[in-house]
Amino acid sequence: MKEIVTGAEALMRALVSEGVTTIFGYPGGAIMPVFDALYDYTRGEHKRFDHILVRHEQAATHAAQGYARVSGKVGVCLVTSGPGATNTLTGVADAMMDSTPMVVIAGQVGTGALGTDAFQEVDLVGVAQPISKWSYQIRRPEDVAWAVSRAFYIARSGRPGPVVLDFPKNAQTHECVWEEKHVDFVRSYVPYPALNEQAVEEATRLINAAKRPLALVGQGVELGGAQQELKAFLEKADIPAGRTLLGLSALPSDHPLNMGMLGMHGQYSLNKLTQQCDVLIAIGMRFSDRVTGLPSTYARQAKVIHLDIDRSEIDKCIKTDVAIVADCKESLPAITRLLDRASHTEWIDAFKPYQEEEDAKVVEPAIHPKEGPLLMGEVVNAVAEATKGEAILVTDVGQNQMFGCRYFKFLHERSIVTSGGLGTMGFGLPAAIGATFGAPGRPVCLFMGDGGFQMSIQELGTIMEQQTPVKMILLNNNYLGNVRQWQDMFWQGRKSFTRMMNPDYEQIARGYGIAFERVKDRFELSKAVLRMLQSGTSFLLECLVREEDNVLPMTAPGKSVDEMELEIVC
């Protein structure tokens, strides 16, 4: 006998069918029927979900992103209409830029009130459409199972991304016959393009003939689960590799072919030798402006091979000689099978003089200073040494992000959570909360600046309630540090509204029942880090760092990557 259920109950059953176990949300009037149905699914012997009550809807999306990035699953958010829904849009845009699978389910006024400017009505489908993979309004309870299955299929397949479901209140309360749906096909949507064998052969010929090949490794390797395929490819052809910000944990930090991070604040050697390689192999990355510098001068001497699952990325920023549009878990081994076993010792040795120069002028002074205030680099390095590559790195946005990504170490895949494309301040704290649910048992270390922390400081309430053991490292320099650095470099030192007055973070932490310690003296740093890591609870470690510390090296905007500077000349 078929069951009659409400649309809200149908949503619960559809989420169970998709394997959802964790939901990040915030209730309100237009989503109340769903939250009432959720009640029975979050307690007792029939419990199916953990619902994490955040303190702001934007935080729900960032927490869902953190969960998705470390688990490989789809993050789920549940919010109300109007401001609740619009508060999620920054997270939706962030997830779209960074290819994070997420489904946002938002309440909506009843269908009879649509278009009347009813209380808390917003055209969510319209505003979400340009920044999501798919946005859809579920107007009938009969459509719930189909819409949810389609949403998860689109969010997780191909190049992942966010999907937004708008759920009018009458569709939540009206009844339908429950029937489970399974969507694995959408007309005109081809998530996994067929591998072009001719392109594979052309790419292989170029690589086999190369004297100075260079691989650029992006997050697509992580999203495709192709970490082992990447190693086999690099090792057979002896190709040095650089990693994008989001691709940092796709290759272990200590791998001999890992030359470091690409980009504006990446490794000096990579930026310099990008302009000397003869074949450039981009794997699951999008040639961001932060990687290429001035596009018209970028690797003009090289043949460019681009492996990406998304055809729209081909030739978008950098002209490609050979494009392989396919899942890199399929395309990488197809190339590797045809590769000659090679040795590029002389080419790899060419990185060493640049590495030594950067170590002497930038790295050693940043992580082992002899005197003066604490530096951000030495704080990151102290945590990296103590965690030995085992932790998940989460960052906010700004100098804390760049120092964190430059000096942290990774042994395991899916170990970095940061806002890359959109650069969302306030991302770090909720994302770290999500990461603790996505990878329970793994230490989660969050680096944040005083500016970004205060954009989402209310989420300490979520940490307090959920007892999430996030290790929060606050790099407090009393500035919006990244903007201040640019003001010093490009705006004649006119520090327009970048200095911040900060609260007493100890009192705030104590108010939320969170362990706290403040460090100013570098001789106390390693002991404080150890106490933080050994605590079984959440912990806020405030590090009072040099106010005008700068991230180096740096390629200035509008410059070629080989014009990277090791010191600031104002």
Side-chain angles (χ1 to χ4, degrees), residues 22-29 31 35 50-67 75-95 102 104 106-107 120 394-398 400-401 417-419 422-438 444-476 478 480 500-516 518 537-542:
T22 306
I23 300 170
F24 303 92
Y26 202 97
I31 198 67
F35 269 87
D50 286 315
H51 176 269
I52 314 306
L53 177 65
V54 295
R55 277 24 181 194
H56 191 280
E57 293 90 353
Q58 183 176 330
T61 61
H62 297 328
Q65 288 175 272
Y67 174 89
V76 180
C77 306
L78 188 61
V79 300
T80 195
S81 66
T86 57
N87 281 344
T88 69
L89 292 175
T90 295
V92 172
D94 195 293
M102 179 172 70
V104 174
Q120 293 192 332
V394 184
T395 81
D396 206 83
V397 169
N400 66 90
Q401 180 184 36
V417 182
T418 192
S419 174
L422 200 63
T424 305
M425 286 182 68
F427 172 91
L429 184 55
I433 294 170
T436 64
F437 287 96
V444 175
C445 295
L446 163 66
F447 290 92
M448 53 189 175
D450 41 314
F453 182 30
Q454 291 186 76
M455 285 192 173
S456 55
I457 197 169
Q458 75 282 343
E459 297 310 315
L460 293 177
T462 307
I463 290 177
M464 174 182 66
E465 183 171 344
Q466 299 296 331
Q467 294 296 296
T468 52
V470 181
K471 309 307 180 188
M472 297 167 277
I473 303 99
L474 173 60
L475 303 175
N476 187 356
N478 297 306
L480 298 175
M500 299 191 72
M501 178 180 288
N502 279 299
D504 184 337
Y505 291 111
E506 180 174 10
Q507 290 191 50
I508 291 172
R510 301 296 184 204
Y512 284 104
I514 293 171
F516 176 89
R518 180 180 290 121
T537 64
S538 56
F539 199 107
L540 177 58
L541 178 63
E542 181 185 15

Look only at the side chain of [X] and the backbone of [Y], and say whether a donor-acceptor pair between them is shorter than 3.5 Å.
| X | Y | result |
| --- | --- | --- |
| K471 | T537 | yes |
| Q458 | A59 | no |
| S538 | I514 | no |
| S419 | T424 | yes |
| D396 | M448 | no |
| R55 | E459 | no |

Does any part of the side chain of [Y], heavy atoms only, come nearer than 4.5 Å to the side chain of [X], both counted from C-beta?
| X | Y | value |
| --- | --- | --- |
| H56 | S456 | no |
| V54 | C77 | no |
| T436 | Y67 | no |
| T468 | I52 | no |
| I508 | L460 | yes |

Taking atom OH of Y26 as the centre, does the number of heavy atoms from other residues, nucleotides or ligands within less than 6.0 Å exceed 12? no
Check step by step if ring-ring contact (aromatic ring centres under 6.0 Å, His included) holds for H51 and F35. CA-CA 10 Å; H51 176 269; F35 269 87; 5.2 Å; yes
Taking all atoms of both residues into account, what is the closest heavy-atom pair of [X] and [Y], and its distance?
| X | Y | result |
| --- | --- | --- |
| A431 | V417 | CB-CG1, 4.0 Å |
| G451 | L480 | CA-CD2, 3.8 Å |
| A509 | L540 | CB-CD2, 4.1 Å |
| A63 | F24 | CB-CD2, 3.6 Å |
| L429 | I457 | CD2-CA, 4.2 Å |
| M102 | A95 | CE-CB, 3.8 Å |

Any donor-acceptor pair under 3.5 Å linking the side-chain atoms of [Y] with those of [X]?
| X | Y | answer |
| --- | --- | --- |
| Q401 | T418 | yes |
| T61 | Q58 | no |
| D94 | Q65 | yes |
| Q454 | N502 | yes |
| T22 | D50 | no |

Residue pair C445, I473: steps toward the side-chain contact (heavy atoms from CB on, under 4.5 Å) verdict: CA-CA 7 Å; C445 295; I473 303 99; 4.2 Å; yes
Nearest 0.5 Å, please: how far is [atom2] in [Y] from [atom1] in [X]?
| X | Y | atom1 | atom2 | answer |
| --- | --- | --- | --- | --- |
| T88 | L78 | OG1 | CG | 11.0 Å |
| H62 | E57 | NE2 | CD | 12.0 Å |
| L474 | D450 | CG | CG | 6.0 Å |
| T395 | N400 | OG1 | CG | 5.5 Å |

Residues two or more places apart in sequence or in another chain: which of them pass ring-ring contact (aromatic ring centres under 6.0 Å, His included) with Y505? F453
Go through the steps for M472 and F539 under the test side-chain contact (heavy atoms from CB on, under 4.5 Å), then give the verdict. CA-CA 6 Å; M472 297 167 277; F539 199 107; over 6 Å; no
Quick one: salt bridge (Lys or Arg N to Asp or Glu O under 4.0 Å) partners of E542, sequence neighbours excluded? R518
Report the C-alpha separation of M500 and N478 in whole Å, then their side-chain angles, then the decisive distance to 0.1 Å, and conclude whether the side-chain contact (heavy atoms from CB on, under 4.5 Å) test is met. CA-CA 5 Å; M500 299 191 72; N478 297 306; 5.6 Å; no
side-chain contact (heavy atoms from CB on, under 4.5 Å) between V79 and N87: does it pass, once the steps are laid out? CA-CA 9 Å; V79 300; N87 281 344; over 6 Å; no
